[in-house]
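What follows is a single structure, written as structure tokens, with notes after it.
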2 protein chains.
Amino acid sequence: MKLSRHSDYALRAMIQLATSGDELVSIRHIAQTYGISHNHLMKIAQGLGRAGFIEPVRGRHGGLRLARPASEISLGALVRHTEGEDSLVDCTGCLIAPACGLPDVLAEAMQAFLAVLDGYRLSDIANRSHMLRALFDIPTSAGPSQNAADPVQCPAD
Amino acid sequence: MKLSRHSDYALRAMIQLATSGDELVSIRHIAQTYGISHNHLMKIAQGLGRAGFIEPVRGRHGGLRLARPASEISLGALVRHTEGEDSLVDCTGCLIAPACGLPDVLAEAMQAFLAVLDGYRLSDIANRSHMLRALFDIPTSAGPSQNAADPVQCPAD
DNA sequence: ACATTAGATGTATTCCATTTGAATGTATAG
DNA sequence: CTATACATTCAAATGGAATACATCTAATGT
């Protein structure tokens, strides 16, 4: 019972974009932040773009930004997109499928799971803005950090 | 977002055992019923036995039976056992872990998921007893089927 | 006692999905 | 025109799950 890394990375990227406000953030930058595969993140970003969560900007100083305010993006919608909504079990070819009550129960449980996520917005996750901005090394009006080009590296990696 | 086949098979086996009442059912028989791997099911049965869900009986006419009545076994406990209770995401090494609110939200959603399953018992799933007994080809007092040695085969397999 | 049956355990191999990597195309700012 | 960054496709690799094989232990019927 684990979220795929696909979902994991998508959520992380969205958090970073939410924290970065209107500024464009390149895929490369996000990948470097978390120390994850650049190519993989590209595909994830592609999917997020097609689904209307983010807006890609091409060209020299391009990058990604949220297509809508973080307060209007629910986590449920995100997870639904990255994980898919298909059933938890595959009953094709199961002998007892016609009499089995399991799929219904599992669907109900899944619905409860997503209902909780529907109750949270991206802005709720990224609410500790100052802490996150510091971790992302985003310069603020008060006091920008000394080296914005090379973001903090993950110590455990 | 799928249940592992491990969980799937465990649930199916438990349903068959619940439907079979006090009678012993061999692992081989269950495997043949669903057309799944005998050896794999053995390991799953092992785990179920160790966890106290089923009671294995060795020897010539041995087999498996439920350790407790089906009405006292909750689906939540079963899924918790087969899927494990660890977190949905692995945050070790994630840069923003200290400020990230995601794990809490996911844990809450997971809890809601399991809470639904906790509300159902194995007996609720196997409630259509007569249909299931027919599918499992279990002889009844009224009219036993003609060939109890060779159970019905899955048509789609 | 002995053979038979069924579960218990361990190892190894196969299989599949996810993840990653590489190469190429497309668009845009300067 | 060129450098940069996203878009797309294909192929390799990694890791976990599922399966197969081999062997052992325990209980039962003869």
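If you're wondering where the values come from, they're calculated on a predicted model, not measured in any experiment. Sequence lines set the chain letters: A, B, ... in the order given, protein chains first and strands last, and positions in each chain run from 1.
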Qualifying residues under side-chain contact (heavy atoms from CB on, under 4.5 Å), relative to [X], sequence neighbours excluded:
X	value
B:Arg50	B:Gln46
B:His61	none
A:Ala51	A:Phe53, A:His81
A:Gln111	none

Atom CZ of B:Arg80: over 12 foreign heavy atoms under 6.0 Å:
yes
How would you list all residue pairs meeting ring pair (Phe, Tyr, Trp, His ring centres under 6.0 Å) that involve residues 84-116 of chain A, not counting sequence neighbours?
none
Using a heavy-atom cut-off of 4.0 Å across all strands, would you classify B:Gly63 as base, sugar-phosphate, or nothing?
sugar-phosphate
For nucleotides 19-30 of chain D, read 5' to 3', which letter fits each nucleotide if B means a protein heavy atom sits under 4.0 Å from the base, S means only the sugar-phosphate is that close, and - means neither?
BBB---BSBSS-
Show me the dot-bracket string of DNA chain C, counting Watson-Crick or G-U pairs under 3.5 Å, with | for pairs to another strand and [ ] for crossing ones.
||||||||||||||||||||||||||||||
Checking B:Tyr9 now: which residues fulfil ring-ring contact (aromatic ring centres under 6.0 Å, His included) with it, not counting sequence neighbours?
B:His40
Under the rule for side chain to side chain donor-acceptor pair (under 3.5 Å), what residues qualify as partners of A:Gln16, not counting sequence neighbours?
A:Thr33
Residues forming a side chain to side chain donor-acceptor pair (under 3.5 Å) with B:Thr82, sequence neighbours excluded:
B:Ser7
Just the endpoints, please: which first and last nucleotides of DNA chain C, 5' to 3', lie under 4.0 Å from a heavy atom of chain B?
C:dT5 to C:dT11
Salt bridge (Lys or Arg N to Asp or Glu O under 4.0 Å) pairs touching residues 58-75 of chain B, sequence neighbours excluded, are B:Glu55-B:Arg65
Take atom NZ of B:Lys2 and atom P of D:dA17, then tell me their distance rounded to the nearest Å.
16 Å
